[in-house]
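Every chain is numbered from 1 and lettered A, B, ... according to where its sequence line falls, protein lines coming before strand lines. Every heavy atom of this structure was used, including side-chain atoms; hydrogens, water molecules and symmetry mates were not.
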2 protein chains.
Amino acid sequence: MAYRETEKMRQRKAEARQRIIECTWACVSEGGFRSARITRIAALAGVATGTIYRHFESREDLFAEIFRLATQREVDKVAEALTVGESTVQRLENALRQFATRALKGPMKAWALIAEPVDPKVEEERLVYRKAYASLFEQAIQDGIAEGCLPDQDARLTSTCLVGAISESLVGPLSPTQTKTPPGHENNDNDLVETIVCFCIRGLTGTRS
Amino acid sequence: MAYRETEKMRQRKAEARQRIIECTWACVSEGGFRSARITRIAALAGVATGTIYRHFESREDLFAEIFRLATQREVDKVAEALTVGESTVQRLENALRQFATRALKGPMKAWALIAEPVDPKVEEERLVYRKAYASLFEQAIQDGIAEGCLPDQDARLTSTCLVGAISESLVGPLSPTQTKTPPGHENNDNDLVETIVCFCIRGLTGTRS
DNA sequence: GAAAGCATTGAATCAATATTCATTCTTTGT
DNA sequence: ACAAAGAATGAATATTGATTCAATGCTTTC
């Protein structure tokens with residue numbers, strides 16, 4: 001026996017894997033999943049196409065992993081936002097605002113994660129993460145109900161409605177075919193976010209606050 | 001000159017086209033767009049694959065057409081529901097309920113139209129029709145604002161929120177991987193619909209009605 | 001019933017990349 | 001320095017249905 005995997009090698013491989021992940025995300029951020037070519041990713045990462053397949057089973061698996069990592073970051077941000085605020089309602093508002101604002105800041109990324117047509121394995125991840133968002137909201141809503149600041153409701157369902165309402169109302173603005181704000185509507189984004197948040201909070205609270 | 005298209009022929013062609021459309025919709029109703037094979041459609045319609053291409057430019061075009069027809073039916077139903085009811089709010093409730101109820105009645109069809117990952121040309125149609133739904137709601141909301149029974153709001157955006165909230169909360173139940181209601185939850189569907197409608201109406205009105 | 005023009009057929013072709021794998025290069029332990 | 005064990009390479013291959021088109025069959029007109 002003359003070769004055994006050493007720490008140095010393990011690290012080098014990890015770095016390659018990391019580079020592949022980063023370059024894939026770079027490609028996706030630029031044009032979504034569909035247009036991200038393995039050859040391009042390999043070139044960017046400075047490896048051969050074959051090497052990618054030592055690190056990931058298949059293109060779909062690679063994409064699923066990228067999706068998972070990227071979305072987890074977003075979920076974490078929302079979870080974090082959900083801890084900030086005096087009242088439960090404020091915390092929810094904060095989280096919704098965070099979600100929408102971040103999406104509008106990186107439209108192509110958000111589109112890829114929220115609305116781009118993707119292959120089954122990635123779509124599966126998407127469903128998982130939609131549930132993850134919904135679960136975060138669900139918990140907060142249940143807290144709100146317990147505190148008495150939200151009317152009794154099926155928290156699971158209404159949390160899903162929140163996710164749907166935000167996502168849908170962002171799809172138009174995010175859509176890569178019409179990403180540019182028409183002139184004279186520059187700080188529309190703020191109004192957009194506020195209207196969505198307002199709708200959502202009303203949906204939960206049933207008040208005009 | 002020995003042949004000119006005659007009425008009889010025109011009709012025969014129209015029938016073939018119609019049959020192709022119906023069989024395509026049958027396939028889609030069964031497994032969505034992705035799994036609808038041209039060969040299968042041709043076989044069902046009793047024509048050769050090549051024939052399909054005299055009636056439609058391409059698979060995508062065929063699908064886009066099928067999507068248009070199917071969705072238009074749904075839009076019409078919603079539009080119709082929107083005319084029934086004493087008050088604007090009741091009419092909106094009615095329309096939302098119609099949308100959700102019909103989707104739950106044909107889960108695979110609804111999934112194909114609302115949530116299945118589809119090719120660009122079909123996705124384009126989907127955007128068009130989401131706007132169509134939103135426009136219907138938008139008009140009603142504006143009426144409501146004018147009448148004073150809805151608070152002032154960006155009708156375009158809140159209508160989009162409605163579409164998003166319903167669609168999203170239906171996606172889970174519709175998803176072809178988990179179409180069966182778990183035992184003991186048989187008439188969940190009604191509660192589901194009512195909760196969604198309630199959320200939406202609250203979102204619009206800001207009251208607990 | 002014959003010729004001309006269209007429609008239909010479906011096996012063969014195409015297209016577009018993801019994926020493979022024989023070969024080459026690197027690392028490791030003695 | 002050498003051999004053993006991996007790792008990396010990237011040109012060649014595989015895949016998968018959609019799409020084409022030469023051959024065949026129907027309709028129509030005279």
Within a radius of less than 6.0 Å around CD of A:Q18, do more than 12 heavy atoms belonging to other residues, nucleotides or ligands occur?
yes
Whole angstroms only, please: what is the CZ-P distance between B:R17 and C:dA7?
14 Å
Residues of residues 43-58 of chain B with a heavy atom under 4.0 Å from any atom of DNA chain D, listed by number, are B:T49, B:Y53, B:S58
Result block: side-chain N/O donor-acceptor pairs under 3.5 angstrom for residues 113-120 of chain B, not counting sequence neighbours:
unit_1, atom_1, unit_2, atom_2, d
B:E116, OE1, B:F33, N, 2.7
B:E116, OE2, B:F33, N, 3.1
B:E116, OE2, B:R34, N, 2.8

For A:R68, is there any backbone N or O sitting under 3.5 Å from a side-chain donor or acceptor partner on A:T71?
no
Could you give the CD1-to-C1' distance, from A:I41 to C:dT19, as a whole number of Å?
14 Å
Rounded to whole Å, CZ of B:R40 lies from P of D:dT16 at a distance of 19 Å
Expressed as a whole number of angstroms, how long is the span from B:R34:CZ to D:dA18:P?
12 Å
Decide yes or no for A:I141 and A:Q153: does some side-chain heavy atom of the first lie under 4.5 Å from some side-chain heavy atom of the second?
yes
Under a 3.5 Å distance rule, please check whether A:T160 uses its side chain to pair with a backbone N or O of A:R156 as donor and acceptor.
yes
Let's see if you can work this out: which of D:dA18, C:dA18, C:dA7 has an atom nearest to the side-chain heavy atoms of B:K13?
C:dA7
Measure the distance from CD1 on B:I38 to P on D:dT20 and round it to the nearest whole Å.
11 Å
For the backbone of A:S35 and the side chain of A:R40, can you confirm whether one donor and one acceptor N or O come within less than 3.5 Å of each other?
no
Whole angstrom value for the distance that separates P of D:dA8 from CD of A:E15
12 Å
Measure all distances between protein nitrogen or oxygen atoms and nitrogen or oxygen atoms of nucleotides 23-27 of chain D, and list the pairs falling under 3.5 Å.
unit_1, atom_1, unit_2, atom_2, d
D:dT27, OP1, B:R12, NH1, 2.5
D:dT27, OP1, B:R12, NH2, 3.2
D:dT27, O5', B:R12, NH1, 3.4

Between CZ of A:R59 and P of C:dA16 the distance, given in whole Å, is 14 Å
Scan side-chain atoms only and decide if B:N94 and B:Q98 contain a donor-acceptor pair under the 3.5 Å cut-off.
no
Exam field: side chain B:S159 to backbone B:A134, donor-acceptor pair closer than 3.5 Å
yes
